[in-house]
Protein chains: 2
Amino acid sequence: MTAAAAPGPGKGELVYQQLRADIEAGTLPPGAPLGELALVARTGASRTPVREALRRLAADGLVELAPRQGARVSRVSLRSVRDLYDLRALLEPEAMRQAARAPGSPLHAQLPRVRAELVRLQRRSPSAARSAAFYALADRFDQAVADACPNAHLQRVLADLRPHSARLRNLSHLDPARIETSLVEHLRMVDALAAGDAEEAAAACAAHLAQGLATIVATLRQDTGGVLDDLDLPLGAR
Amino acid sequence: MTAAAAPGPGKGELVYQQLRADIEAGTLPPGAPLGELALVARTGASRTPVREALRRLAADGLVELAPRQGARVSRVSLRSVRDLYDLRALLEPEAMRQAARAPGSPLHAQLPRVRAELVRLQRRSPSAARSAAFYALADRFDQAVADACPNAHLQRVLADLRPHSARLRNLSHLDPARIETSLVEHLRMVDALAAGDAEEAAAACAAHLAQGLATIVATLRQDTGGVLDDLDLPLGAR
DNA sequence: GTGTGCAAAGATGTATACAGGATGCACCGC
DNA sequence: GCGGTGCATCCTGTATACATCTTTGCACAC
């Protein structure tokens, strides 16, 4: 069973996940108004679960909530992108270290399969399907690394940051060539984790983040014609 | 007017702040059940704002929300204490660095007053009032440092962590002698910030956190008779 | 023609009513 | 005496109705 209609998760949870997915995917672009009435019509739920979902998303920083004025998808600026990557550069290498030192975790059991899948993707020719498969794999990997952290607070913060990163990736249509380098970077991380080399894993993660930031900034600059410098960008063009 | 009864902040906001303050202060100890009905009676608001407040607190990690089973104040374990301080040790020194490099911020304008107040407190004889005054000052200082960070994501995470730290302090009745050392550590941080020495400020912050963790762990060990090792402690005694 | 003021409409904030599920206890059977 | 089942009660999850505020559009005065 994938997910039953009503009995399993509550309706508020469903609305939350749907809205979050739409925001991450860019279907709901930054700045998009989120009227409760409109969301009731969109999701079929009542105002109560809709409100609950909006509050949770606001706590995640994915929507901005103006009192008596409604909700909007939170806007993105070049500065916020840099801020996000600065913070990830602080946290994720540390998460890698901790994960590398937790050999009994489910992460380590998955590593051989992840590695095999990465190699398989390396041999495929570039295509949208390959990109999608890689990103799905990378997301699962990041999640597994975070879950392997014994530090629950760190896990919570990383989980908070993940949707922001996902949104950035989907807002800016990245250069397909980026996949190649990112594959290599992930292989380096996987191998370091498998070897239990915490510092190498952390270094690989830091390098991966630096590359990712450079790519996204370049892409955003190109998409917006270099107009932005600290401006809010209305949406990922397309 | 300071703050009108109803018109200014919404009722949900009021309930949230009240509950959060009670959790931080320890009035609502870890594990305490938070029935919506009981909170309605306690706060005078209706169930809708109460629910909103509970969701926000759950997002902060201050309450645990079991579906169809109600909310409880989140429990605290020795491990969670270590986790929290590990994370703070990662984030707050970096925040200090960034704050030290933002000379135009309101923080720097406040530094002379904060320093004078610290010196004044140093000369007072130990008392509960002095402790309370110091903690209030330290909280304002931490807040000002976080606000001086240009990184909005970092600000958000630091704000999320603050109530957890405050709760720990109030759960464990700290040794009054700790105030003395903490005063000195704060003076070191303030002076480093005033001098614009980012690395010295970060080092001072790290030292302060290490001392704080050691003190709290020792206090908790003593309070619980050393029974806990990874156990949940029911409450900060008293 | 411009600016101000008012009024109507739409939205959010709040309160309450209804439905489904979990927990605890009492009763029955063994 | 002990274990299991069934029911009663309370709770949360959801839906809807009401009150209040913000906003927008228009009319009028300057």
Side-chain angles (χ1 to χ4, degrees), chain A residues 1 3-20 22-23 28-75, chain B residues 1-20 22-23 28-75 234:
Chain A
M1 259 78 78
K11 234 167 189 178
E13 177 71 18
L14 290 178
V15 174
Y16 169 77
Q17 291 189 4
Q18 178 180 344
L19 283 179
R20 181 175 147 169
D22 286 343
I23 293 175
L28 290 173
L34 296 174
E36 295 181 2
L37 167 80
L39 293 177
V40 165
R42 179 194 182 102
T43 62
S46 172
R47 272 187 65 203
T48 307
V50 165
R51 281 177 67 82
E52 173 184 332
L54 286 177
R55 305 304 165 141
R56 287 180 62 184
L57 290 167
D60 294 341
L62 288 176
V63 314
E64 299 166 0
L65 227 51
R68 285 282 185 193
Q69 200 170 340
R72 308 174 71 85
V73 178
S74 69
R75 287 179 286 268
Chain B
M1 259 79 81
T2 55
K11 234 166 191 179
E13 177 71 17
L14 291 178
V15 174
Y16 169 77
Q17 291 189 3
Q18 177 180 345
L19 284 179
R20 182 175 146 169
D22 287 343
I23 293 175
L28 291 173
L34 296 173
E36 294 180 1
L37 166 79
L39 293 178
V40 165
R42 181 193 180 100
T43 62
S46 171
R47 273 188 63 203
T48 307
V50 165
R51 283 178 65 83
E52 173 185 332
L54 285 177
R55 306 302 165 143
R56 287 180 63 185
L57 291 167
D60 293 342
L62 289 177
V63 313
E64 299 166 0
L65 227 50
R68 285 283 184 193
Q69 202 171 339
R72 309 173 69 84
V73 178
S74 68
R75 288 179 286 268

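Order of the sequence lines fixes the chain letters, A, B, ..., with proteins taken first and strands second; residue numbering starts at 1 for each chain. None of these values were measured; they are calculated from a predicted model.
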Review point. Which comes earlier along DNA chain D counting from the 5' end, the contact point of Pro67(A) or that of Pro67(B), where each point is its nearest nucleotide?
Key: Pro67(B)
**Study point:** base_contact_polar (dT20(D) base, Arg68(A) side chain, donor-acceptor, <3.5 Å)
**Key:**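 Counting by modelled atom types and ignoring angles, a donor-acceptor contact under 3.5 Å is found here.
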Kindly write out the residues that satisfy side chain to side chain contact (heavy atoms under 4.5 Å, CB included) with [X], not counting sequence neighbours, or none if the list is empty.
X        : answer
Ala38(A) : none
Ala32(B) : Pro29(B), Val73(B)
Gln69(B) : Ala66(B)

Point to revise | Contact list for DNA chain C against residues 35-45 of chain A - heavy-atom distance below 4.0 Å | key: Gly35(A), Glu36(A), Leu37(A)
Exercise for review: For DNA chain D, find the residues of residues 55-65 of chain B with a heavy-atom distance under 4.0 Å and give them by number; none if there aren't any.
Suggested key: Arg55(B)
**Study point:** Residue pairs, two or more places apart or on separate chains, that pass salt bridge (Lys or Arg N to Asp or Glu O under 4.0 Å) and touch residues 54-63 of chain B
**Key:** Glu52(A)-Arg55(B), Glu13(B)-Arg56(B)
Practice item. Can you tell me which residue pairs pass the salt bridge (Lys or Arg N to Asp or Glu O under 4.0 Å) test with a partner in residues 63-72 of chain A, sequence neighbours excluded? Key: Glu64(A)-Arg75(A)
Exercise for review: Could you list the residues that satisfy side-chain hydrogen bond (donor to acceptor under 3.5 Å, both in side chains) with Thr48(A), not counting sequence neighbours?
Suggested key: none
Exercise for review: Tell me whether the OP1 or OP2 atom of dG13(D) has a side-chain N or O from Arg51(B) closer than 4.0 Å.
Suggested key: yes
Exercise for review: Could you list the residues that satisfy salt bridge (Lys or Arg N to Asp or Glu O under 4.0 Å) with Glu36(A), not counting sequence neighbours?
Suggested key: Arg47(A), Arg51(A)
